K.L.:
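Dropping a structure here in structure tokens format, bear with me for questions.
What you see is a predicted model; the values in this text were computed from it and never measured. All ligand and atom numbering here is 1-based and tracks the order in the structure.
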Amino acid sequence: MMGRILIIGACGQIGTELTKKLREVYGTENVVASDIRKGEPEFVASGPFEVVNALDFNQIESIIEKHEVEDVYLMAALLSATAEKNPAFAWDLNMNSLFHVLNLAKAGKIKKIFWPSSIAVFGPTTPKQDTPQYTVMEPSTVYGISKQSGERWCEYYHNIYGVDVRSIRYPGLISWSTLPGGGTTDYAVDIYHKALSDGKYTCFLSEETRLPMMYMDDAIRATIEIMQAPADSIKIRSAYNLSAMDFTPKEIAEAIKKEIPDFTIDYAPDFRQKIADSWPQSIDDNSARQDWNWKHEFDLTSMTSDMLAHLSEKV
Ligand code: VAH
């Protein structure tokens with residue numbers, strides 16, 4: 001039998017859905033969810049759950065040994081907006097949690113690691129259209145700096161110690177089943193909830209702010225597919241560009257209006273506008289498509305239909 005999977009940060013926006021999908025694929029008992037505190041009772045009761053502080057090396061090590069874990073998905077991090085409010089803790093959490101998992105793998109206690117990077121590694125001097133896999137990267141946010149540094153360390157641990165760590169530069173992610181936490185792209189989730197509950201939305205980014213985005217179903221599938229790919233097909237050990245679509249608040253509002261004609265939007269940009277303006281508008285992800293056969297499935301129209309359908313059931 002293969003070893004088990006441990007998800008650190010399993011109660012977050014990605015972690016919650018990743019846990020559910022991994023349990024469908026590998027069996028509930030083979031996927032251990034963990035977070036710094038217990039999440040929703042229903043989620044905690046849905047399979048093996050442990051309270052683990054991502055900054056506590058000994059705790060992570062003991063859970064890996066207790067459950068005979070082979071693969072670790074490290075999803076704990078402070079996202080862009082929150083990290084700007086607490087730079088020191090964001091750097092500590094985003095970097096030292098990664099070092100703990102890389103060092104456990106270097107010691108032979110973990111076989112394979114997934115670590116999420118982000119298009120936030122790019123900055124104001126990066127080409128904004130079809131941003132290449134390799135280009136100028138001068139991130140201007142704490143989150144982006146931590147993700148760029150993390151990519152360098154992932155590649156170093158692979159090249160020097162043979163650690164099998166794999167990473168994706170996620171764009172903004174949109175999901176119906178879990179609320180996002182502290183991101184700049186969170187407007188693209190909030191807007192669907194407010195369209196159904198209030199029929200209107202005040203967006204914290206300006207109407208022409210174009211950002212790379214992806215539906216969570218695609219992001220979860222990409223995460224599992226990169227981990228299932230043969231090691232020799234993973235030619236990039238920093239992190240792969242990944243993309244599905246890009247849109248502006250105006251365009252997502254138009255997509256919603258096709259299903260909710262009376263929906264209205266207005267704009268009140270806040271501090272997150274400066275973060276968004278530092279990021280690319282669209283991403284070239286050909287390396288992922290070539291190396292491990294990535295292909296997205298959802299576009300703005302199909303995502304909007306799926307989001308509104310699921311959220312309408314929850315209301
Ligand atoms: C954020 N959702 O907004 C994250 C993501 C590209 C954005 O990294 O911080």
K.L.:
Thinking salt bridges, do Arg210 and Asp246 make one under a 4.0 Å N-O criterion?
P.N.:
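Yes, charged N to carboxylate O under 4.0 Å.
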K.L.:
Looking at every heavy atom in both Phe49 and Gly39, which two are closest together, and how far apart are they?
P.N.:
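Shortest heavy-atom contact: CZ-N, 4.1 Å.
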K.L.:
Side chains of His310 and Asp306 only: does a donor on one sit below 3.5 Å from an acceptor on the other?
P.N.:
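Yes, side-chain donor-acceptor contact under 3.5 Å.
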K.L.:
Counting each atom of ligand 1 from 1 as listed, which ones have a heavy atom of Leu79 under 4.0 Å away?
P.N.:
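In order of number, 9 (O).
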K.L.:
What are the atoms of ligand 1, with element, lying closer than 4.0 Å to any heavy atom of Ile119?
P.N.:
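What qualifies from ligand 1 is 6 (C).
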K.L.:
Atom 9 (O) of ligand 1: which protein heavy atom is closest, and how many Å away?
P.N.:
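Scanning the protein heavy atoms, the shortest distance from atom 9 (O) of ligand 1 goes to Ser80 OG, 2.6 Å.
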K.L.:
Can you list the atoms of ligand 1 that are under 4.0 Å from a heavy atom of Tyr143?
P.N.:
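Result: 8 (O), 9 (O).
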K.L.:
Could you pull out, from Thr141, Thr185, Leu211, the option with a heavy atom nearest to atom 2 (N) of ligand 1?
P.N.:
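Nearest option to atom 2 (N) of ligand 1, by heavy atoms: Thr185.
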K.L.:
Looking only at protein heavy atoms, which one is nearest to atom 3 (O) of ligand 1, and how far off is it?
P.N.:
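Nearest neighbour among protein heavy atoms for atom 3 (O) of ligand 1, to 0.1 Å: Thr184 N, 2.7 Å.
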K.L.:
Taking heavy atoms and a distance under 4.0 Å, where does Ser118 meet ligand 1: side chain, backbone, both or neither?
P.N.:
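It is the side chain that gets close, since no backbone atom is under 4.0 Å.
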K.L.:
Check this for me: does any side-chain nitrogen of one of Glu151 and Arg169 sit under 4.0 Å from a carboxylate oxygen of the other?
P.N.:
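Salt bridge: yes.
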K.L.:
So that I can tick it off, tell me whether Glu254 and Lys257 are bridged by a salt bridge, with the cut-off set at under 4.0 angstrom between side-chain N and carboxylate O.
P.N.:
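Yes, Lys257 and Glu254 are salt-bridged.
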K.L.:
Taking distance alone, with N or O pairs closer than 3.5 Å, would you say Tyr170 contacts ligand 1?
P.N.:
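Checking ligand 1 against Tyr170, no N or O pair falls under 3.5 Å apart.
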K.L.:
Test of understanding: with ring pair (Phe, Tyr, Trp, His ring centres under 6.0 Å), list the residues that count as partners of Phe204, not counting sequence neighbours.
P.N.:
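So Phe204 forms no ring pair (Phe, Tyr, Trp, His ring centres under 6.0 Å) with any residue.
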K.L.:
Any N or O on Trp279 sitting closer than 3.5 Å to an N or O of ligand 1?
P.N.:
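No, there is no polar N/O contact under 3.5 Å.
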K.L.:
Which of the numbered atoms in ligand 1 are under 4.0 angstrom from any heavy atom belonging to Gly183?
P.N.:
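This gives 1 (C), 3 (O), 9 (O) as the contact atoms.
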K.L.:
At a 4.0 Å cut-off, with the gap strictly under it, does some heavy atom of Leu173 reach an atom of ligand 1?
P.N.:
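The answer is no: ligand 1 sits nowhere under 4.0 Å from a heavy atom of Leu173.
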K.L.:
Using the test ring pair (Phe, Tyr, Trp, His ring centres under 6.0 Å), find all partners of Trp153 that sit at least two apart in sequence or belong to another chain.
P.N.:
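Partners of Trp153 under the ring pair (Phe, Tyr, Trp, His ring centres under 6.0 Å) test: Phe99, Tyr156.
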K.L.:
Tell me if the CD atom of Glu40 is crowded by more than 12 foreign heavy atoms within 6.0 Å.
P.N.:
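Open.
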K.L.:
For Asp186, is at least one N or O under 3.5 Å away from an N or O on ligand 1?
P.N.:
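Among all N and O atoms of Asp186, none is under 3.5 Å from an N or O of ligand 1.
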